[in-house]
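Since the structure comes first, as structure tokens, the remarks are kept for the end.
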Number of protein chains: 2
Amino acid sequence: MELRKDIHTNGIPVLCVSCEVRHRGVCGALDPDQLIALAKASHKHTIKEGEELIGDAEQIDVYSNVLAGVVKLTKTLSDGRQQIVGLQFAPDFLGRPFRKESSINAEAATEVSLCSFPKATMDRMMQEQPGLENRLLQQALIELDDARDWMVTLGRKTAAEKVASFLLLIARNIDPEREANGRSIAFDLPLTRADIADFLGLTIETVSRQLTRLRADNVIRIENNRHVTVENIDRLRGRAGN
Amino acid sequence: MELRKDIHTNGIPVLCVSCEVRHRGVCGALDPDQLIALAKASHKHTIKEGEELIGDAEQIDVYSNVLAGVVKLTKTLSDGRQQIVGLQFAPDFLGRPFRKESSINAEAATEVSLCSFPKATMDRMMQEQPGLENRLLQQALIELDDARDWMVTLGRKTAAEKVASFLLLIARNIDPEREANGRSIAFDLPLTRADIADFLGLTIETVSRQLTRLRADNVIRIENNRHVTVENIDRLRGRAGN
DNA sequence: CGAAGTGTTGAGTCCGGTCAACTCTAGTGG
DNA sequence: CCACTAGAGTTGACCGGACTCAACACTTCG
């Protein structure tokens, strides 16, 4: 009786039962037994803004799920020039299967909440549960699509279009359900001006000027430097190029 | 006796037995039976330079392996600005699992030789052979790494560094085994100046000027516009940023 | 031969970078 | 409490690298 209850109503680990990303994240591909095994080796923790998660050329021994906050993935040239090559939001998976060490740097852009587990455990489960590999493939392909979209922004858009594209990207990820309607959207920028510049391949001065221009043209409002209200999404879309 | 021979010496389809990419490509994950089934539905064919393989927003009903030549993946903004977001060489896999339609355009940059097979057949095999999904995941992750590397080039490098990076990329892919030593390397550029510009986020004039400069500085030689000899790889590396 | 396509070169312009001054806020410590 | 500092962001003046526009060279093809 206890056994049955454990299995079919919920044999779901305490750690996971209240987890908001459980169904959408990679864990969604696991059956209850596997979830229990993984949860046993997992731990949730919080990282402060600016702290490094994975260093370039560092050994990777844990994978993580992003539960809340924003992680920035960066690459740096030898002379210090930096480029953000991706942003991870909940419920994204963080880690690089099939590789001992990372070629990128992962850093908390905001305060970040993570659920981490040993690489070895996950790698073992990948072999016995093809659904897991399937999820990872899906996420990798989405990240690839995103990266390629952003390559167009980096290579072919003007500074004004880049900043507009960035605001749209954030609006989309902060508030995924709301879409399309002309209503205004408000959010806090998860990145500093320096980060935005590194994401867009610009300088902080140029980012600042473009934001000022959008504000002057009544496309957005800005309070306290970080809080942005998009007055008219369609006007913003019109300035994003595409 | 015949059965045994079919299975373990070579039950390998005629189409595949001489295939140069069989082991390195996704087909390498298939067992003989599956290879036979896939080969039955496959056909090799050749595409002329400039021909389109997959259109943006078009239905994808075939996957392909690149056997020879170079395929360029492009994205275009509504006003015509274009960006090449990836180059595929042999034995890369061409196609986008889990999606009905493509968000990018694939076009033959040179004459391209392909081995194509129906999406449905491949998708079915993916479910019964996890190794196949594993291969696709590996390729997707490599493409993701490449895309992110290129984002740094697009966002943070100067025109001179971009052109040097491009030449190094081509040299690496044309002649994958040769590496590192200071010897000279010669190859034909698989792209026109216009393509190079679209890959680097520059104009054709800027690309031309930077190539002229590299030639004037004796880093490379150019014959017939397309044939490039890198006199000194290390000098070229020194100009690529990184 | 002319035409079309590809690539090079020059002259001038402009967008975004550089450098510098300034504002604003938050935090620290006497 | 205020003075001081440090960090983030804005704004202005100037500059330069890449773009634009244009002319020209070379090859291929009809």
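On a predicted model such as this, the values are computed, not experimentally measured, just so you know. Numbers restart at 1 for each chain; the letters A, B, ... are given by sequence-line order, proteins then strands.
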Thr206(B) side-chain N/O to dA18(D) phosphate OP1/OP2 under 4.0 Å
no

Base, sugar-phosphate alone, or nothing: which one does Gly201(A) contact when heavy atoms must sit under 4.0 Å apart?
sugar-phosphate

Nearest-Å distance, CG (Asn224(A)) to C1' (dT10(D))?
15 Å

Please classify the nucleic acid contact of Arg226(A) as base, sugar-phosphate, or nothing, using heavy-atom distances under 4.0 Å.
sugar-phosphate

When rounded to whole Å, the CZ to C1' distance for the pair Arg81(B) and dT20(D) reads 15 Å

Rounding to a whole Å, what distance do you find between Arg193(B):CZ and dA25(D):P?
18 Å

What is the distance, rounded to the nearest whole Å, between atom CZ of Arg213(A) and atom P of dC15(C)?
10 Å

Please report, rounded to the nearest Å, how far the P atom of dG7(C) is from the CG atom of Leu214(B).
16 Å

Could you state the CD1-C1' distance from Ile204(A) to dT11(D), rounded to the nearest angstrom?
12 Å

Taking Glu231(B) first and then Arg221(B), would you say they form a salt bridge - that is, a charged N and a carboxylate O separated by under 4.0 Å?
yes

Roughly how many Å is it from CG in Asp79(B) to P in dC19(D), rounded to a whole number?
15 Å

NZ/NE/NH1/NH2 to OD/OE distance under 4.0 Å, Glu111(B) and Lys48(B)
no

Quick check on DNA chain D: between Arg156(A) and Asn225(A), whose nearest nucleotide comes earlier from the 5' end?
Asn225(A)

Presence of donor-acceptor pair under 3.5 Å, side chain of Arg209(A) and base of dG12(D)
yes

Quick one: does any side-chain atom of Asn232(A) pair with a main-chain N or O of Asp234(A) as donor and acceptor, under 3.5 Å?
yes

Taken to the nearest whole Å, CD/Glu205(B) to C1'/dC24(D) is 13 Å

Less than 4.0 angstrom between a side-chain N/O of Thr203(A) and OP1 or OP2 of dG16(C), yes or no?
no

Atom pair OH (Tyr63(A)) and CZ (Phe117(A)), whose distance is rounded to the nearest 0.5 Å:
9.0 Å

